[in-house]
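Just below is one structure, and these are the notes that go with it.
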Amino acid sequence: MTITLYNTATRRKEAFEPLDPENVRMYVCGPTVYDRAHLGNARPVLVFDVLYRLLRHTYGADHVTYVRNFTDVDDKINATALARKEAGAPGTIEELVRERSDETIGWYHADMDALGTLRPNAEPRATEYIDQMVAMISQLIADDFAYENDGHVLFRVRKYAEYGALSGRSVDDMIAGARVEVAPYKEDPMDFVLWKPSTDELPGWNSPWGRGRPGWHIECSAMAHDLLGAEFDIHGGGNDLQFPHHENEIAQSRCAGHGFAKVWMHNEMLQVEGKKMSKSLGNFFTVRDLLEKGVPGEVIRFVMLSTHYRKPMDWTEKKRAEAEKTLMGWLNTLQKHGFSSKMVERLRDMDRWNGDPEFMGALGNDLNTPGALARLHVLSKAHTAEGLAPMAHALDTLGLVSDWDLLDLSPSQNDEMEDWIVVAIDRLLEERSSARAEKNWAEADRLRDVLNVIGVQVTDIGGSATWLPGPDFDPSKLEALL
């Protein structure tokens, strides 16, 4: 199939033609691992997860290499490690930094897994590529694109004539409109740091310029080159990274003789109820906050994909509720027509699992996920299992079903129970749904715990739902609670 992508570098949609169809390569800037991922952090993860799935579908899973890094060299990480050391934690500062990074990466994996995202082929940590960074910096100095001064190494921005092409701004405009650090070790205010000195109490590595640590921008250039080669197909991230991060990556990489990325893709930012997410407004929350309030990862994913990646995305309670209802309806439709997890597995091995052409066409048109979801509404109107196969494929392709075993939990099994049991559990689920709608999280959590004690398995995606007795179901516990 033909894939078209909007290339930020050329400012137009282009037919995607990989450098090597046998090895399609993509690099996405990952998180700085100092805390939980907030909802805005999840948007690029989901956007490029869909692209990864599309590329795997088109070129084959074994022919796509996706790299997303972890930045584990950062002042905030250092500050946490120093605070732990001052509080009496054992170990060197480097060990405490590693401990904090391990902890945060574990959180990140758990949260992104809950959103149904596939793990990239490689997830390099910046601290594991210091030698490659030093080598690249040394080359830039040798070719007069960088200079050392007072333990710092800086890139000469004005030596790269195309600087600013990605963001569409001249160097002089950037100086006038940006908060540029003026420092005595800089030849020019726009020159950016490749290497900086570290004090004895901070993490550092030996280099030709003294003990220090890398600047942020050189990290991605070195990791991308080492893992994907001098030139690769796609580089992605949020549009807040266009300048200075991606602009600087391009400059240093090309001056080091690397073609670097062919296509640049950027997603727009996220708002909450029409406002920029911020702690001061009380609308700042992490992915884990939502998950712990009972919002399933599939619902978060659905809401995110309902807006095109190049448009600002507004998270609202109304969208969340609509997403839960829609997803539940789609799964119920599949259940009613006899779909099971085994059927899905069989379909994956058959030609019909190639999917609906209009659905795939929407995805191939610059990741038009809203268009793909609109097509899903049409596909859900089929009246036979055969006719619904493209719908199941579409859900699978978008990652909107984390566990197809849900289809094996048939609601019809409830018919064998005494009426009072069904009525009582349905009432508990309705009360839980109302509590969540009113944002009474304490009551919603209490009702969830009651259902767990009884041994009820809630098989919906979110709030009100279909349910089944689990292996530990005990009606006597239910009766005692009434």
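All heavy atoms count here, side chains included; hydrogens, waters and symmetry mates do not.
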Closest non-hydrogen contact found for Ala42 with Met304 is CB-CE, 4.2 Å
Can Arg119 and Asp113 be counted as an ion pair, charged N to O under 4.0 angstrom?
yes
Answer yes or no: is there a side-chain heavy-atom contact under 4.5 Å between Met223 and Val67?
no
Indicate yes or no: does Lys293 engage Asp289 in a salt bridge with an N to O separation below 4.0 Å.
no
Show your working on side-chain hydrogen bond (donor to acceptor under 3.5 Å, both in side chains) between Gln242 and Ser167 and close with a plain yes or no.
CA-CA 6 Å; Gln242 274 191 55; Ser167 53; 5.7 Å; no
Got a donor-acceptor contact below 3.5 angstrom from the Lys196 side chain to the Gly212 backbone?
no
I need the minimum non-hydrogen distance between Asn149 and Tyr185, along with the two atoms involved.
ND2-O, 3.3 Å
Step by step, work out the salt bridge (charged side-chain N to carboxylate O under 4.0 Å, His left out) result for Arg320 and Glu317.
CA-CA 5 Å; Arg320 180 206 61 76; Glu317 179 61 22; 2.3 Å; yes
With a 4.5 Å heavy-atom cut-off, do Asp233 and Met26 have their side chains touching?
no
N/O donor-acceptor pair under 3.5 Å between Asp403 side chain and Asp405 backbone
yes
Can you tell if the side chain of Glu99 reaches within under 4.5 Å of the side chain of Glu103, non-hydrogen atoms only?
no
Between Arg36 and Glu292, is there a salt bridge with N-O shorter than 4.0 Å?
no
Test His38 against Asn41 for side-chain hydrogen bond (donor to acceptor under 3.5 Å, both in side chains), laying out the working first.
CA-CA 5 Å; His38 60 68; Asn41 298 144; 3.2 Å; yes
How close do Glu268 and Arg43 get, counting heavy atoms only, and between which atoms?
O-NH1, 3.0 Å
Is the ring pair Trp315/Phe285 parallel, tilted or perpendicular, if the boundaries are 30 and 60 degrees?
perpendicular
Can a salt bridge be assigned to the pair Asp102 and Arg125 using a cut-off of 4.0 Å between side-chain N and carboxylate O?
yes
Mark yes or no for whether His63, through its side chain, and Glu22, through its backbone, hold a donor-acceptor pair below 3.5 Å.
yes
Which word best sums up how the rings of Tyr160 and Tyr163 line up, parallel for under 30°, tilted for 30 to 60°, or perpendicular for over 60°?
perpendicular
Can you tell me how the ring of His217 sits relative to the ring of His245, calling it parallel under 30°, perpendicular over 60° and tilted otherwise?
tilted
Within a strict 4.5 Å, meaning less than it, do heavy atoms of the Val24 and Phe16 side chains meet?
yes
Answer yes when Arg68 and Glu123 have at least one side-chain N-carboxylate O distance shorter than 4.0 Å, and no when they do not.
yes
Interatomic distance, Ile77 atom CD1 to Thr104 atom OG1 [nearest 0.5 angstrom]
7.0 Å
Any heavy-atom pair between the side chains of Leu118 and Arg56 that's under 4.5 Å?
yes
Distance-minimising heavy-atom pair for Gln132 and Asp226
NE2-OD1, 3.5 Å
Are the side chains of Val134 and Trp205 in contact, using a 4.5 Å heavy-atom criterion?
no
Give the C-alpha distance, both sets of side-chain angles, the deciding distance and a yes or no for side-chain contact (heavy atoms from CB on, under 4.5 Å) between Leu194 and Phe145.
CA-CA 11 Å; Leu194 300 173; Phe145 288 109; over 6 Å; no
Do other residues, nucleotides or ligands put more than 12 heavy atoms under 6.0 Å from Tyr34 OH?
no
Spell out, as yes or no, whether a donor-acceptor pair under 3.5 Å connects the side chain of Asp314 to the backbone of Glu273.
yes
Between Ser341 and Trp404, which heavy-atom pair has the shortest distance, and what is it?
CB-O, 3.6 Å
If you measure from CD1 on Ile234 to CG on Asn7, what distance do you get to the nearest 0.5 Å?
9.5 Å
Can you say whether the rings of His235 and Tyr27 are parallel (under 30°), tilted (30 to 60°) or perpendicular (over 60°)?
tilted
Between the side chain of Ser253 and the main-chain N/O of Ser221, is any donor-acceptor distance below 3.5 Å?
no
Basic-acidic side-chain contact under 4.0 Å: Glu247, Arg169:
no
Salt bridge (charged side-chain N to carboxylate O under 4.0 Å, His left out) with Asp366: of Arg310, Lys13, Arg12, only one passes, and it is Arg310
Does this structure show an ion pair linking Arg98 with Glu95, if we count only N-O contacts that are shorter than 4.0 Å?
no
Find the distance between CG (Leu154) and CD1 (Ile137) and round it off to the nearest 0.5 Å.
10.0 Å
Rounded distance [0.5 Å steps], CE in Met269 versus CG in Asn239:
4.0 Å
Taking it one step at a time, do Leu51 and Tyr66 satisfy side-chain contact (heavy atoms from CB on, under 4.5 Å)?
CA-CA 10 Å; Leu51 179 56; Tyr66 174 21; over 6 Å; no
Does any non-hydrogen side-chain atom of Glu17 lie less than 4.5 Å from one of Lys262?
yes
Start with the C-alpha gap between Asp72 and Thr127, add the side-chain angles, then the distance that decides, and say whether side-chain hydrogen bond (donor to acceptor under 3.5 Å, both in side chains) holds.
CA-CA 6 Å; Asp72 57 348; Thr127 53; 2.6 Å; yes
Closest approach of Leu291 to Ile300 (non-hydrogen atoms, all atoms of both residues):
CD2-CD1, 4.1 Å
Any side-chain to backbone donor/acceptor pair from Asp356 onto Phe359? Under 3.5 Å, distance only.
yes
Ring pair (Phe, Tyr, Trp, His ring centres under 6.0 Å) between Trp330 and His377, intermediate numbers included:
CA-CA 9 Å; Trp330 286 343; His377 283 282; 5.0 Å; yes
Is a side-chain donor or acceptor of Glu148 paired with a backbone partner of Gly151 at a separation under 3.5 angstrom?
yes
Between Glu322 and Lys319, is there a salt bridge with N-O shorter than 4.0 Å?
no
Below 4.0 angstrom, N of the basic side chain to O of the carboxylate: do Arg213 and Asp75 qualify?
yes
Answer yes if the ring centres of Tyr147 and Phe155 are under 6.0 angstrom apart, and no otherwise.
no
Does Leu398 offer a backbone N or O that forms a donor-acceptor pair with the side chain of Arg301 under 3.5 Å?
yes
Residue pairs, two or more places apart or on separate chains, that pass ring-ring contact (aromatic ring centres under 6.0 Å, His included) and touch residues 98-131:
Phe70-Tyr108, Phe70-His109
For Leu305, does its backbone N or O pair with a side-chain atom of Thr369 as donor and acceptor, under 3.5 Å?
yes
Ignoring hydrogens and angles, tell me if any N or O in the side chain of Thr65 forms a donor-acceptor pair with the backbone of Arg25 under 3.5 Å.
no
With side chains defined as the heavy atoms from C-beta onward, is the minimum distance between Leu39 and Leu270 less than 4.5 Å?
yes
Separation between CZ (Arg100) and CZ (Arg84), nearest 0.5 Å, reads 5.0 Å
Say you draw a straight line from CG of Asp144 to CZ of Arg156; how long is it, rounded to the nearest 0.5 Å?
4.5 Å
Taking 4.0 angstrom as the limit, do Lys76 and Asp35 come out as a salt bridge?
no
